[in-house]
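See below for the structure under consideration.
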Amino acid sequence: MAFTHLHVHTEYSLLDGSCKIRELVARAKELGMDSMAVTDHGVMYGVIDFYKAAREVGIKPILGCEVYVAPGSRFDRENVNGEDRYYHLVLLAENDQGYQNLMKIVSKGFVDGFYYKPRVDYELLETYHEGIIALSACLAGEVQRYLSRGMYEEAGRAALRYQDTFGKGNFFLELQDHGLDAQKQVNQGLLRLSRDLGIDLVATNDVHYTYAEDEKAHDILLCIQTGKKVADENRMRYEGGQYYCKSEEEMRALFPYALEAIENTHKIAQRCNVEIEFGVLKLPRFEVPEGFDSWTYLNHLCMQGFNRHYPEDDGTLRERLDYELDVIRTMGYVDYFLIVWDFINYARSKGISVGPGRGSAAGSIVSYSLGITNIDPIRYNLLFERFLNPERVSMPDIDVDFCYERRQEVIDYVVEKYGKDQVVQIVTFGTLAAKGVVRDVGRVLDLPYALCDSIAKMIPNDLGMTLDKALVMNPDLKKAYNEDETVHNLIDMSKRLEGLPRHTSMHAAGVVIGSRSIDEFVPLSRAADGTITTQFTMTTIEELGLLKMDFLGLRTLTVIQNAVNMAQKNHHVSIDLDNIDYNDKKVLDSIG
């Protein structure tokens, strides 16, 4: 194959791309392609999912992003009106250094440059240009904007500036043809620029959906994004139905006058080689007191707690403690335990309620000795291997509950200790789930509310419900689908969009702590409330070997804490929650 798609928007161009990643790479494989790029709008949310899915089917993944370039500085906040608020530019990572730089550029677009969109500027591109190949993008690219206005000299200056930024051979003029008159005019200008300036051409298709027949479903998705109805006259739309994953033959037929632009896509693909490392731990170091290293300090803390909890031990339990410590050291989690011990210790010292321990971590004598949990694993016959098992290498997972009202104080302490750039909250995605997507699609198609509501109510409330499952489980729904043309169309369109990410939000508890600045491992974004979050979800962060902690705020702990305080204040009764007699006859009698 001599053609590679280098301009592709997946489901992670939220409510703008409808390509489901697995379906998309399978389609590329079916068309006989050996490589493909991902270039979502301003974000890298999907690059790891894309990387893994592409590798699975034998497609070489090219990791990129279509960024928004501010005409001035990314820090400017005055409103430049209309389409000149920012220009589009496609960036592709050529190597590991390029991938690192791409993460920096995209992160800073959110952290520094967010204004309507995450914007970058020339200063960022110049600083982090190494290892990156740039394409001039679509009609919204700077060079194309000038050409569409007949400003040939300015277009040339812009093209040369990009070439100077990325280096000769690393910037390409991008031809696109979706049947738009504006593109035909601009392409003539790009051919002339290429001859005059010696800058190579590349041909792309602006892929927003996988198959040609997805045009209608994608149009509905755009309406969901913009709050419009399909019938509305003046609304955003992609005219012509050409924004799908085309074959090499279709692309060659579009550009018979510039076949070198087709060949160049494959040359670029061959140059792009990024290797992402999974499963290698990237834990931060825990600062230990003078005279200790991490290992001896962990032993020291464990022995203090162990002697307090098990003064009568005949050596049997000490043996189990040593075994657990040995597993922890072998698996490389010494600093992990010290980090968790430290912030729990801080919370207790500040009178912030901490849960007694939940999940498999309660099976560990080390957790109990350190005060990470308050549950004696020996008394309750709990197994350490359910928590950490040398046979099954996975990050230990200690969920820690804090008083709902004071959880943020603990996070602030961790930020203070490890640095603002090394502690970041984790993103999560809301998706178009079965019931919701039916209501959304129905509204966009301007169907009666009562109809959409009745169809949505026929979908069972089970966890992980899909429209396909619902059609099998509910005969009434199946009957309506088979007999009513309107319902049939509603459900078919909904099925194409079901499961797409709809919006981002912040994970309720997840926080990632890095050994260096987080944007060296993971791109960053900005939540609706301005908080900086990762662009990768919790599972991806763990796969990359980063330390993910759960700081859960629990109202129950707050209620219990308040009850203890009121008993002390109103009745001068002090209650030690860690030492309650669960067999107190009077209490049991009163309950009975």
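These numbers come from the heavy atoms of this one structure, side chains and all, not from hydrogens, waters or symmetry mates. In this chain, residues are counted from 1 in sequence order.
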What is the minimum heavy-atom distance between [X] and [Y], and which atoms define it?
X: Gly64; Y: Leu102; result: CA-CD2, 3.7 Å
X: Gly514; Y: Pro284; result: O-CB, 3.6 Å
X: Leu31; Y: Ser247; result: CD2-CB, 3.9 Å

Mark yes or no for whether [X], through its side chain, and [Y], through its backbone, hold a donor-acceptor pair below 3.5 Å.
X: Ser194; Y: Leu190; value: no
X: Gln144; Y: Ala137; value: yes
X: Tyr51; Y: Ile276; value: yes
X: Asp49; Y: Gly46; value: no
X: His218; Y: Glu215; value: no
X: Lys60; Y: Cys272; value: yes
X: Asn264; Y: Leu201; value: yes

Between [Y] and [X], is the closest basic N to carboxylate O distance under 4.0 Å?
X: Glu56; Y: Arg22; answer: yes
X: Arg27; Y: Glu30; answer: yes
X: Glu23; Y: Arg496; answer: yes
X: Glu543; Y: Lys52; answer: yes
X: Arg119; Y: Asp121; answer: no
X: Glu11; Y: Lys20; answer: no
X: Lys228; Y: Glu233; answer: no
X: Glu142; Y: Arg157; answer: no

Worksheet item: Under the ring-ring contact (aromatic ring centres under 6.0 Å, His included) criterion, do His503 and Phe429 qualify, and how do the steps go?
Response: CA-CA 6 Å; His503 59 267; Phe429 293 94; 9.0 Å; no
Fill in: side-chain contact (heavy atoms from CB on, under 4.5 Å) partner of Arg502, chosen from Asp440, Leu14, Thr431, Val437
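With Arg502 as partner, side-chain contact (heavy atoms from CB on, under 4.5 Å) holds for just one option, Asp440.
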Worksheet item: Between Gln425, Glu416, Met549, which is the residue that forms a side-chain contact (heavy atoms from CB on, under 4.5 Å) with Ile411?
Response: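 Going through the options one by one, the only one that passes is Gln425.
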Worksheet item: Checking ring pair (Phe, Tyr, Trp, His ring centres under 6.0 Å) against His208, which of His9, His7, His5, His178 comes through?
Response: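 Checked His9, His7, His5, His178 against His208; only one passes ring pair (Phe, Tyr, Trp, His ring centres under 6.0 Å): His9.
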Practice prompt. For ring-ring contact (aromatic ring centres under 6.0 Å, His included), just list the numbers for Phe3 and His266, CA-CA rounded to whole Å, side-chain angles, deciding distance to a tenth of an Å, and then say yes or no.
Written response: CA-CA 5 Å; Phe3 176 74; His266 203 248; 9.4 Å; no
Worksheet item: Centre of Tyr244's six-membered ring, under 6.0 Å away, within 45 degrees of the axis: is that where NZ or CZ of Lys246 sits?
Response: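 Yes, a cation-pi geometry holds between Lys246 and Tyr244.
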Worksheet item: Is the charged tip of Arg192 near the ring of Tyr152: under 6.0 Å from the six-membered ring centre and within 45° of its axis?
Response: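 Ring-cation test returns yes.
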Practice prompt. Using the ring-ring contact (aromatic ring centres under 6.0 Å, His included) rule, take Phe171 and Phe166 through it: C-alpha gap first, then chi angles, then the decisive distance, then the call.
Written response: CA-CA 6 Å; Phe171 174 68; Phe166 294 98; 7.1 Å; no
Item to complete: For the pair Tyr162 and Tyr122, evaluate ring-ring contact (aromatic ring centres under 6.0 Å, His included) and give the outcome as yes or no after the intermediate values.
Response: CA-CA 9 Å; Tyr162 283 121; Tyr122 277 105; 5.5 Å; yes
Discussion item. Rounded to the nearest 0.5 Å, what separates atom CD in Glu123 from atom NZ in Lys108?
Written reply: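 One finds 9.5 Å between CD of Glu123 and NZ of Lys108.
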Worksheet item: CG of Leu91 to CG of Leu125: how many Å apart, nearest 0.5 Å?
Response: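 Reported to 0.5 Å precision, the distance equals 6.5 Å.
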Worksheet item: So do Tyr86 and Val67 actually touch side chain to side chain, heavy atoms under 4.5 Å?
Response: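 No, their side chains stay 4.5 Å or more apart.
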